[in-house]
Participant: 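Take this structure, written in structure tokens, and hold onto it; I'll ask about it next.
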Amino acid sequence: MPELPEVETVRAGLELLLAGARVRHARALRKDLRTAIPDLAGLAGVGITAVRRRAKYLLLDTTGPSILNHLGMTGKWREGAEVRAHDHVELHLLDGRRIVFNDARRFGLFELCRADGGHDALDGLGPEPLGDAFDGRVLRAAARRHRRSALKAMIMDQRVVVGVGNIYASEACFRAGIRPGLAAGRVGGARLDRLVTEIRGVLAEAIAKGGSTIGDYRQVNGLSGLFQNQFSVYGREGEACRACGSRIRQSVIGGRSSFWCPRCQR
DNA sequence: CCTAAGTCCTGAGTGC
DNA sequence: TGCACTCAGGACTTAG
């Protein structure tokens, strides 16, 4: 899926489309996402007040229930009257526009929040990586608990820190100079501090570039992201490291394809 | 046949 | 032994 930078880019685009708009009615064209889409009749007539992000989830606040949405691997939002394959939810606005959530692989989520604004899916999530609550102490504590698991798997654990997925985990480990497969418990505190800095840095840079387009991710306005052109290691197996010239290596760590430089990362 | 941006569940293993 | 947790692997799904 879209990781934090892609979700944040979609959030900004959706906010432009939806903030201040009023829903005439909302309808599910097919309900079979990761969980069944609930009855959306309660969205008729609501105003959309804000579009927020928590972790990789989007939250559409309304004058009625908030909408909780996850893009899964292939979830997309767009504006347009044309019905396409894998359109799941359409929001018909009072001004006549049709805003659609489409998800080919159906790993996404589209639900309504409780009356108190919460949702079970948001429970137990770790701190936002770009917020003050994420610091070296967070990773040091996590590394003690997850001491035998691979460092890369640890930073992708959404209970440890949110928003880091398979692409940015490899990129952050490269920037920090740490091998992604190293057992977390064997990485010293100073190196974990450095990893915090690099996670924040790579995510912030990627947001500034509109995210990374691999396959079918698009911004709400249909444009591709640009950060894929700046990858140091992801998807570059066999190519030369831009820092030292060594061949980038690939292996499966925690079930996910992972990339690193054998010389720059120890 | 292979691979893919995510998450959830299972069952085996670990440690108090 | 019991319990709570960690950790690896597979499942879900469609497209290229």
Side-chain angles (χ1 to χ4, degrees), chain A residues 1-11 30-37 53-58 68-77 84-88 101-111 119-126 129 141-172 180-186 199 202-203 206-207 209-220 224-231 233-238 250-259:
Chain A
M1 131 167 179
E3 306 180 30
L4 187 148
E6 292 75 37
V7 179
E8 179 58 29
T9 301
V10 169
R11 186 208 64 74
R30 56 181 302 171
K31 300 190 175 188
D32 52 340
L33 290 178
R34 203 165 83 211
T35 61
I37 296 172
R53 179 191 58 75
R54 169 72 174 116
K56 299 175 193 172
Y57 292 90
L58 292 165
L68 180 74
N69 172 239
H70 194 293
L71 302 178
M73 292 277 238
T74 52
K76 289 181 282 287
W77 285 88
R84 298 183 188 170
H86 312 301
D87 280 356
H88 279 269
F101 177 67
N102 176 292
D103 185 4
R105 273 175 81 179
R106 306 210 287 273
F107 289 173
L109 188 77
F110 195 104
E111 294 199 351
H119 191 285
D120 289 351
L122 302 177
D123 293 344
L125 290 173
R144 282 191 290 274
R145 281 188 289 119
H146 299 248
R147 76 189 90 118
R148 313 181 86 110
S149 75
L151 183 73
K152 173 169 172 277
M154 184 186 87
I155 62 175
M156 290 175 65
D157 184 335
Q158 303 296 296
R159 291 165 303 187
V160 172
V161 59
V162 302
V164 181
N166 201 40
I167 292 174
Y168 298 105
S170 277
E171 294 295 313
L182 208 54
R186 299 189 56 197
I199 287 171
V202 73
L203 294 178
I207 291 171
K209 295 281 184 181
S212 304
T213 292
I214 306 279
D216 63 0
Y217 161 75
R218 289 292 184 281
Q219 302 181 40
V220 176
S224 293
L226 293 172
F227 194 75
Q228 67 280 4
N229 301 317
Q230 329 238 145
F231 289 163
V233 289
Y234 185 85
R236 300 193 62 238
E237 180 191 9
Q250 184 273 150
S251 68
V252 175
I253 297 169
R256 310 298 298 278
S257 193
S258 307
F259 304 85

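Here is the naming used below: chain letters follow the sequence lines, and residue numbers restart at 1 for every chain. Just so it is clear, the structure is predicted and the values come from calculations on it, not from any experiment.
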Participant: Given side chains that start at C-beta, do those of A/Thr9 and A/Phe227 come closer than 4.5 Å, heavy atoms only?
Facilitator: no
Participant: Find the distance between CD (A/Gln228) and OG1 (A/Thr213) and round it off to the nearest 0.5 Å.
Facilitator: 5.0 Å
Participant: Which heavy atom of A/Gly163 sits nearest a heavy atom of A/Glu3, and at what distance?
Facilitator: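 Shortest heavy-atom separation between A/Gly163 and A/Glu3 comes out as O-CB, 3.7 Å.
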Participant: Categorize A/Gly165 for me: base, sugar-phosphate, or nothing, with a 4.0 angstrom heavy-atom threshold over every strand shown.
Facilitator: sugar-phosphate
Participant: Would you kindly give the CG-to-C1' distance between A/Leu122 and B/dG6, to the nearest whole Å?
Facilitator: 15 Å
Participant: What's A/Ser257 touching, base or sugar-phosphate or nothing? Going by heavy atoms closer than 4.0 Å.
Facilitator: sugar-phosphate
Participant: If you look at every heavy atom in A/Ile253 and A/Ala150, which pair is closest and at what distance?
Facilitator: CG2-CB, 3.3 Å
Participant: Roughly how many Å is it from CE in A/Met73 to P in B/dC8, rounded to a whole number?
Facilitator: 14 Å
Participant: Over how many whole Å does the gap from A/Leu125 atom CG to B/dG6 atom P extend?
Facilitator: 14 Å
Participant: If you find the nucleotide of DNA chain C closest to A/Ala85 and the one closest to A/His146, which residue's nucleotide is nearer the 5' end?
Facilitator: A/His146
Participant: A/Glu111 CD to B/dT7 P: how many Å, rounded?
Facilitator: 14 Å
Participant: With sugar-phosphate meaning primed atoms plus P, OP1 and OP2, does A/Tyr234 contact a base, only sugar-phosphate, or nothing at under 4.0 Å between heavy atoms?
Facilitator: sugar-phosphate
Participant: Both distances below 3.5 Å, Watson-Crick or wobble geometry, any strand: find the nucleotide opposite C/dC3.
Facilitator: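 Partner of C/dC3: B/dG15.
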Participant: By nearest nucleotide on DNA chain B, pick out whichever of A/Gln158 and A/Gln250 is the more 5' one.
Facilitator: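 Its nearest nucleotide being more 5', the pick is A/Gln250.
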Participant: Is there a side-chain contact between A/Tyr57 and A/Val162, using heavy atoms and a 4.5 Å cut-off?
Facilitator: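 No, every pair of side-chain atoms sits at 4.5 Å or beyond.
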Participant: Report the relative orientation of the aromatic rings in A/Phe259 and A/Tyr234; use parallel for angles under 30°, tilted for 30 to 60°, perpendicular for over 60°.
Facilitator: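 Perpendicular, since the angle between the ring planes exceeds 60°.
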Participant: Please state how far atom CD1 in A/Ile167 lies from atom P in B/dT3, giving the value in whole angstrom units.
Facilitator: 17 Å
Participant: Please list, in 5' to 3' order, the outermost nucleotides of DNA chain C lying under 4.0 Å from any heavy atom of chain A.
Facilitator: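 That gives a stretch of C/dT6 to C/dA15.
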Participant: Over how many whole Å does the gap from A/Arg105 atom CZ to B/dT7 atom P extend?
Facilitator: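 These atoms are roughly 13 Å apart.
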Participant: Would you find a donor on one side and an acceptor on the other, under 3.5 Å apart, between the side chain of A/Gln250 and the backbone of A/Ser257?
Facilitator: no
Participant: Nearest-Å distance, CG (A/Asp120) to C1' (B/dC8)?
Facilitator: 14 Å
Participant: A/Tyr168 versus A/Glu6: any side-chain heavy-atom pair under 4.5 Å?
Facilitator: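 A/Tyr168 vs A/Glu6: side chains touch.
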Participant: Just the rounded figure in Å: distance from P of B/dC8 to CZ of A/Arg34.
Facilitator: 5 Å
Participant: Write down the atom of A/Ser258, the atom of A/Lys152, and the distance for their closest heavy-atom approach.
Facilitator: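 Closest approach of A/Ser258 to A/Lys152: OG-NZ, 2.8 Å.
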Participant: Could you write nucleotides 11-16 of chain B as a row of B, S and -, 5' to 3', where a protein heavy atom under 4.0 Å of any base atom gives B, of only sugar-phosphate atoms gives S, and otherwise -?
Facilitator: ---SS-
